[in-house]
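Written out below as structure tokens is the structure these notes cover.
Not measured: the values here are computed from a predicted model.
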Amino acid sequence: QVQLVESGGGLVQAGGSLRLSCAVSGRTTSTYNMGWFRQAPGKEREFVAVISGTGGGTYYGDSVKGRFSISRDSAKNTVYLQMNSLKPDDTAVYYCAADQRIETIARRHRANYWGQGTQVTVSS
């Protein structure tokens, strides 16, 4: 089992930045590929980013490329999502996810494990 706990959400003005964290616990957490998704009210869940278990590979959704950056600190068992140049359209609940197959997250936009989510609100 893998447990995921997100933090770092909040209210920010357009053009600002936030960094989300996802604390990972459980067995062999370093082997899991980690991703971020988001869901805005009335919209479908959207893939944001994924990072491989080794940290060597990253992939991003088209709407966040060039603005968001995913990273992981294996020593701290934590995954981060640095969000810059935020826009009101980035407002959503952001979820951390984990899966043993990176294509499950990156292509199928699914995952075996999910966090509870953290709210990000970007004001105009």
Side-chain angles (χ1 to χ4, degrees):
Q1 285 286 350
V2 174
Q3 293 80 42
L4 309 174
V5 179
E6 303 97 334
S7 61
L11 175 64
V12 63
Q13 288 188 334
S17 298
L18 276 178
R19 188 177 78 159
L20 304 182
S21 299
C22 175
V24 186
S25 60
R27 300 176 63 181
T28 60
T29 56
S30 63
T31 65
Y32 282 85
N33 304 286
M34 302 299 301
W36 288 95
F37 292 81
R38 67 186 183 185
Q39 188 165 20
K43 295 187 178 181
E44 294 185 353
R45 185 175 64 205
E46 179 185 8
F47 166 72
V48 175
V50 64
I51 187 167
S52 66
T54 62
T58 57
Y59 304 93
Y60 296 91
D62 289 340
S63 62
V64 305
K65 282 180 182 176
R67 300 189 298 122
F68 291 11
S69 177
I70 188 171
S71 62
R72 67 190 300 163
D73 185 334
S74 296
K76 296 182 178 180
N77 284 335
T78 301
V79 178
Y80 303 99
L81 184 68
Q82 178 67 44
M83 305 186 294
N84 299 326
S85 302
L86 283 162
K87 307 173 182 179
D89 284 349
D90 295 318
T91 295
V93 177
Y94 284 71
Y95 297 92
C96 180
D99 200 278
Q100 290 181 304
R101 298 173 63 92
I102 195 169
E103 56 267 30
T104 299
I105 297 175
R107 296 187 179 183
R108 298 180 63 196
H109 298 175
R110 296 179 181 179
N112 273 336
Y113 302 101
W114 295 88
Q116 82 288 351
T118 186
Q119 176 71 47
V120 171
T121 303
V122 184
S123 63
S124 57

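- Legend: residues meeting side chain to side chain donor-acceptor pair (under 3.5 Å) with Ser63, ordered by chain and number and at least two apart, are Arg38, Glu46.
- Here Arg101 pairs with Glu103 under the side chain to side chain donor-acceptor pair (under 3.5 Å) rule; sequence neighbours left out.
- Applying the side-chain contact (heavy atoms from CB on, under 4.5 Å) rule to Asp73 yields the partners Ala75, Lys76, Tyr80; only residues at least two apart in sequence or on another chain are considered.
- Pairs of residues two or more places apart, or lying in two chains, never qualify as disulfide (SG to SG under 2.5 Å) while including a residue from residues 35-72.
- Legend: residues meeting side chain to side chain donor-acceptor pair (under 3.5 Å) with Thr121, ordered by chain and number and at least two apart, are Gln119.
- Annotation: ring pair (Phe, Tyr, Trp, His ring centres under 6.0 Å) contacts involving residues 91-123, sequence neighbours excluded, comprise Tyr32-Tyr113, Phe37-Trp114, Phe47-His109.
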| Step by step, would you call Trp36 with Val64 a side-chain contact (heavy atoms from CB on, under 4.5 Å)? | CA-CA 11 Å; Trp36 288 95; Val64 305; over 6 Å; no
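- In this structure, the separation between NZ on Lys87 and OG on Ser124 is 14.0 Å, given to the nearest 0.5 Å.
- Ala14 is linked by a side-chain contact (heavy atoms from CB on, under 4.5 Å) to Pro88, Val122, counting only residues two or more places apart in sequence or in another chain.
- Between Lys65 and Asp62, at least one side-chain N (NZ, or NE/NH1/NH2) sits under 4.0 Å from a carboxylate O, which counts as a salt bridge.
- Going from atom CG of Leu18 over to atom CG of Asp90 covers 10.0 Å, rounded to the nearest 0.5 Å.
- Residues forming a salt bridge (Lys or Arg N to Asp or Glu O under 4.0 Å) with Arg45 (at least two apart in sequence, or on another chain): none.
- The side chain to side chain donor-acceptor pair (under 3.5 Å) test applied to Lys43 returns no partner, not counting sequence neighbours.
- Closest approach of Ser52 to Arg72, counting heavy atoms only: O-NH1, 2.8 Å.
- Placement of Ile70 and Ile105 in two distinct hydrophobic clusters is found when ILVMFWY residues are connected by side-chain heavy-atom separations under 4.5 Å, directly or transitively.
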Could you give the side-chain donor-acceptor pairs of residues 2-12 under 3.5 Å, partners two or more places apart or in another chain?
from	atom 1	to	atom 2	distance (Å)
Gln3	OE1	Ser25	OG	3.2
Glu6	OE1	Gln116	N	3.0
Glu6	OE1	Gln116	NE2	3.4
Glu6	OE1	Gly117	N	2.9
Glu6	OE2	Cys96	N	2.7
Glu6	OE2	Gly117	N	3.2

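- Under a hydrophobic-cluster definition in which Ile, Leu, Val, Met, Phe, Trp and Tyr are linked whenever side-chain heavy atoms come within less than 4.5 Å, directly or via other members, Ile51 and Phe68 are assigned to the same cluster.
- A search for side-chain contact (heavy atoms from CB on, under 4.5 Å) contacts involving Ser85 returns Arg67, not counting sequence neighbours.
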| request: Output, in order, the C-alpha distance, side-chain angles, deciding distance and verdict of side-chain contact (heavy atoms from CB on, under 4.5 Å) for Met83 and Val120. | output: CA-CA 10 Å; Met83 305 186 294; Val120 171; 3.9 Å; yes
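- A distance of 11.5 Å separates CG of Asn84 from CZ of Arg19, quoted to the nearest 0.5 Å.
- Between atom CD1 of residue Ile102 and atom CG of residue Asn33 there is a gap of 4.5 Å, rounded to the nearest 0.5 Å.
- Nearest heavy-atom pair across Ala49 and Tyr60 is CB-CD2, 3.6 Å.
- Residues Thr78 and Ser21 come closest through the heavy atom pair CG2-CB, 4.2 Å.
- Taking the salt bridge (Lys or Arg N to Asp or Glu O under 4.0 Å) definition, one finds that Asp99 meets it with nothing, sequence neighbours left out.
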